[in-house]
Amino acid sequence: MKELKSTEETCEILEILKEKYPAPETELNYNNPFELLIAVILSAQSTDKQVNKVTAQLFNKYQTPEDFANLTPEELATEIRGVGLYRNKSKYIIKTCQMLLDNYEGQIPQTRKELMKLSGVGRKTANVVASAVFGVDAIAVDTHVFRVSNRIGLAASDKVDQVEQDLMEVIPKDLWSDAHHWLIFHGRNLCKARNPNCSECPIIQYCDYAKSSKS
Ligand code: SF4
């Protein structure tokens with residue numbers, strides 16, 4: 001089994017990423033927890049830029065769970081056509097809004113466990129919302145976090161849940177939420193899926209992928 005980085009080495013890596021990406025926050029635009037939940041559901045297999053374009057108009061027209069629950073899936077699908085999988089997301093969002101009204105008095109539940117009961121909300125979405133809105137320490141593993149952490153050697157698995165476990169093991173808990181953003185930014189900026197820009201990378205001396213490409 002591949003050996004993971006030690007916590008000490010991991011902290012050195014994160015310190016460098018912190019300097020490079022000083023504002024560890026989501027790039028999704030939102031004004032309240034409800035809007036963040038909708039934006040994160042919309043973001044699956046879409047870029048934050050695409051989502052922000054859609055939500056700029058969407059949140060002008062509809063603001064509350066009631067507003068969304070009153071739409072038909074077809075009506076909402078038309079509003080969110082700019083993101084991938086919009087037909088499915090439309091159904092999830094309407095169902096989630098109905099659940100918020102029926103079970104949570106229209107509020108967003110605060111724990112990952114409760115969030116994951118909502119339609120279209122998996123562990124990643126629940127982690128993002130719990131972390132950004134309620135300050136819960138959590139590492140949401142999206143495609144960037146998954147790829148970058150496996151390359152560096154912070155994780156060693158082809159399973160998302162195991163990658164999250166690996167990261168929680170090597171990263172101190174108080175850095176989980178920030179580390180999630182640093183790894184995303186690094187994946188978007190340098191450690192891209194195709195052709196990672198290793199020659200520009202400030203953590204190249206730590207990276208297992210870079211070491212193995214040299215050998
Ligand atoms: S050295 Fe290359 S593969 Fe490793 S983290 Fe940097 S960009 Fe990614």
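Start at 1 and go down the list; that is how both ligands and their atoms are numbered. Only a predicted model underlies this, so the values are computations on that prediction, with no experimental measurement involved.
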Side chain to side chain, F134 and I108, heavy atoms closer than 4.5 Å: yes

Any residue meeting ring-ring contact (aromatic ring centres under 6.0 Å, His included) with H181, in chain and number order, not counting sequence neighbours: none

Set of residues satisfying ring-ring contact (aromatic ring centres under 6.0 Å, His included) with respect to F146, sequence neighbours excluded: none

Pairs involving residues 94-110, ordered by first then second residue, that meet side-chain hydrogen bond (donor to acceptor under 3.5 Å, both in side chains) (sequence neighbours left out): Y104-E114

Check: N150 side chain, S157 main-chain N or O, donor-acceptor pair, under 3.5 Å: yes

Lys/Arg-Asp/Glu bridge criterion (N-O < 4.0 Å) met for E79, K89: no

Protein-derived N, O or S atoms lying under 2.8 Å from atom 6 (Fe) of ligand 1, waters excluded: 1

